[in-house]
Peer 1: 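Could you have a look at this structure, given as structure tokens, before my questions?
On a predicted model such as this, the values are computed, not experimentally measured, just so you know.
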Number of protein chains: 2
Amino acid sequence: MTGCNLETIRYYEKIGVMPEPPRTSKNYRAYDESHVGRLRFIMRARELGFTLEEIRDLLALVDGGAQTCGEVQVLANTHLDSVRAKIADLKRIEHVLSSTVAQCTGGDVPECPVIDALTEVT
Amino acid sequence: MTGCNLETIRYYEKIGVMPEPPRTSKNYRAYDESHVGRLRFIMRARELGFTLEEIRDLLALVDGGAQTCGEVQVLANTHLDSVRAKIADLKRIEHVLSSTVAQCTGGDVPECPVIDALTEVT
DNA sequence: CTTGAGCCTGTACTGGCTACAGACCTTAGG
DNA sequence: CCTAAGGTCTGTAGCCAGTACAGGCTCAAG
């Protein structure tokens, strides 16, 4: 249906981002279209890297029905900033790592620029 | 000394990447230069995004004293690949998110391109 | 001599799930 | 109709890389 693991949905239910669905006579969860829609919302937001806490905030706005584009934009921009910060961080790592590895001879010798970089005294 | 939280060092000791140091008569940990060096190694590797599992592997090579540049290079390249994969992932997110937010009016209206993107049926 | 700071051990918590155990239910085949 | 294999149910424990206590001991300054 959504490709989402059932246990993940149960987890979302437990932490309160998914509502508890009605049950069948045998106590099975009976989801309807609204649940599927909400789950998709959560899954898409997760794909965009929003934390469940941020998603809770987004949902609170939408659930109120009175969300404004301005409010949503603030949340999205905050998240965008953190995504950009992570990219910058990883790029720094990528740069250091790739330029160090590039100096490796790759042979059977014990001397290694990577180890040197991790061991250096300075 | 190293700027590392004491409780983090204890954690490293517990999971076996730091050796248990000798104790003073009052049971206080007595670190020497070798411990400091090893901790710095771990901290630098963490800064480069290596997991403690990967660091364990690196240390196993170094501890044997018979590490070769080739072996280290393999570990470093594997990690580099995962860093690059994360960057690619975050860039995709950054692209989608920034182009969606760019369409926001930011006003008091309920219509919002970000919400639309999360809610769309397709 | 007291007071505040350090260290000691052990346990519980974080996020975002995943992986069971043990019980119940459903469905297909014989 | 019966059985076996698969689903679902609840609850708990685990992953990573630490952080945050509680409750006790020790140490240095005033």
Peer 1: With sequence neighbours left out, what residues match B:Lys14 under side-chain contact (heavy atoms from CB on, under 4.5 Å)?
Peer 2: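 Applying side-chain contact (heavy atoms from CB on, under 4.5 Å) to B:Lys14 gives none.
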Peer 1: Is atom CD of A:Glu33 surrounded by more than 12 heavy atoms (other residues, nucleotides or ligands) closer than 6.0 Å?
Peer 2: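 Count not over threshold, so no.
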Peer 1: Which residues pass the side-chain contact (heavy atoms from CB on, under 4.5 Å) test with A:Thr119, not counting sequence neighbours?
Peer 2: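 Testing A:Thr119 for side-chain contact (heavy atoms from CB on, under 4.5 Å), a comparison that skips the adjacent residues, returns A:Ile115, B:Phe41.
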Peer 1: Just so I know, are the side chains of B:Cys104 and A:Val72 near enough to count as touching, which here means a heavy-atom distance under 4.5 Å?
Peer 2: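 Not touching, per the 4.5 Å side-chain cut-off.
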Peer 1: Is there a residue in residues 49-59 of chain B whose heavy atoms reach under 4.0 Å of DNA chain D, and which residues are they?
Peer 2: B:Thr51, B:Leu52
Peer 1: Is a salt bridge present between A:Glu53 and A:Arg56, judged by a nitrogen-to-oxygen distance below 4.0 Å?
Peer 2: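 Salt bridge between A:Glu53 and A:Arg56, a charged N being under 4.0 Å from a carboxylate O: yes.
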Peer 1: For DNA chain C, which residues in residues 34-42 of chain A have a heavy atom at a distance below 4.0 Å?
Peer 2: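 Contacts with DNA chain C under 4.0 Å: none.
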Peer 1: Can you find a pair of side-chain heavy atoms, one from B:Leu39 and one from B:His35, that are under 4.5 Å apart?
Peer 2: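 B:Leu39 does not reach B:His35 side chain to side chain.
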Peer 1: With the side chain counted from C-beta on, respond yes when A:Leu48 and A:Val83 share a heavy-atom pair under 4.5 Å apart, and no when they do not.
Peer 2: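 SC-SC contact between A:Leu48 and A:Val83 ruled out.
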Peer 1: Which residues pass the salt bridge (Lys or Arg N to Asp or Glu O under 4.0 Å) test with B:Glu71, not counting sequence neighbours?
Peer 2: none
Peer 1: Show your reasoning for whether side chain to side chain contact (heavy atoms under 4.5 Å, CB included) applies to A:Leu61 and A:Leu75.
Peer 2: CA-CA 10 Å; A:Leu61 286 181; A:Leu75 295 180; 3.9 Å; yes
Peer 1: Sequence neighbours left out, what passes side-chain hydrogen bond (donor to acceptor under 3.5 Å, both in side chains) with B:Asp63? Give chain and number order.
Peer 2: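 Listed in chain order: B:Arg38.
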Peer 1: Within a radius of less than 6.0 Å around CG of A:Asp108, do more than 12 heavy atoms belonging to other residues, nucleotides or ligands occur?
Peer 2: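 Open.
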Peer 1: In residues 15-26 of chain B, which residues come under 4.0 Å of DNA chain C by heavy atom?
Peer 2: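 Nucleic-acid contacts, sorted: B:Arg23.
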Peer 1: Between P on D:dA17 and CE on B:Met43, what's the gap in Å once rounded to a whole number?
Peer 2: 15 Å
Peer 1: Within this structure, what is the CD-OG1 distance for the pair A:Glu111 and A:Thr105, rounded to the nearest 0.5 Å?
Peer 2: 8.0 Å
Peer 1: Give the residues of residues 2-14 of chain A touching DNA chain C, defined as any heavy atom closer than 4.0 Å, sorted by residue number.
Peer 2: A:Asn5, A:Glu7, A:Thr8, A:Tyr11, A:Tyr12
Peer 1: Walking along DNA chain C from 5' to 3', note the first and the last nucleotide with an atom under 4.0 Å from a heavy atom of chain A, and give both.
Peer 2: C:dG16 to C:dT26
Peer 1: Find out whether A:Pro110 and B:Thr68 are in side-chain contact, i.e. whether some heavy atom of one side chain is under 4.5 Å from a heavy atom of the other.
Peer 2: no
Peer 1: Where the side chain of B:Arg44 meets the backbone of A:Leu118, is there a donor-acceptor pair that is under 3.5 Å apart?
Peer 2: yes
Peer 1: Sequence neighbours left out, what passes side-chain hydrogen bond (donor to acceptor under 3.5 Å, both in side chains) with B:Arg84? Give chain and number order.
Peer 2: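 Once residues adjacent in sequence are excluded, the partners of B:Arg84 under the side-chain hydrogen bond (donor to acceptor under 3.5 Å, both in side chains) criterion are A:Glu94.
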Peer 1: For D:dC16 and B:Arg46 - does any side-chain N or O of the residue sit under 4.0 Å from the phosphate oxygens OP1/OP2?
Peer 2: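 Answer is no, no contact under 4.0 Å.
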Peer 1: Which residues, if any, of residues 74-84 of chain A bring a heavy atom under 4.0 Å of DNA chain C?
Peer 2: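 Listed by number, there are none.
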Peer 1: Once you round it to whole Å, what is the distance between P of D:dT10 and OH of A:Tyr28?
Peer 2: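 It works out to 11 Å between those atoms.
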Peer 1: Please say whether more than 12 non-hydrogen atoms of neighbouring residues, nucleotides or ligands are located less than 6.0 Å from CD in B:Glu20.
Peer 2: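 At most 12 heavy atoms, drawn from other residues, nucleotides or ligands, come within 6.0 Å of this atom.
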Peer 1: Dump the intermediate steps for side chain to side chain contact (heavy atoms under 4.5 Å, CB included) on A:Ile87 and B:Ile93, then the final yes or no.
Peer 2: CA-CA 10 Å; A:Ile87 291 174; B:Ile93 289 173; over 6 Å; no
Peer 1: Which side-chain N or O atoms in residues 2-13 of chain B pair as donor and acceptor under 3.5 Å with protein atoms at least two apart or in another chain?
Peer 2:
unit_1	atom_1	unit_2	atom_2	d
B:Thr2	OG1	B:Cys4	N	3.3
B:Asn5	OD1	B:Glu7	N	2.9
B:Glu13	OE1	B:Arg29	NE	2.9

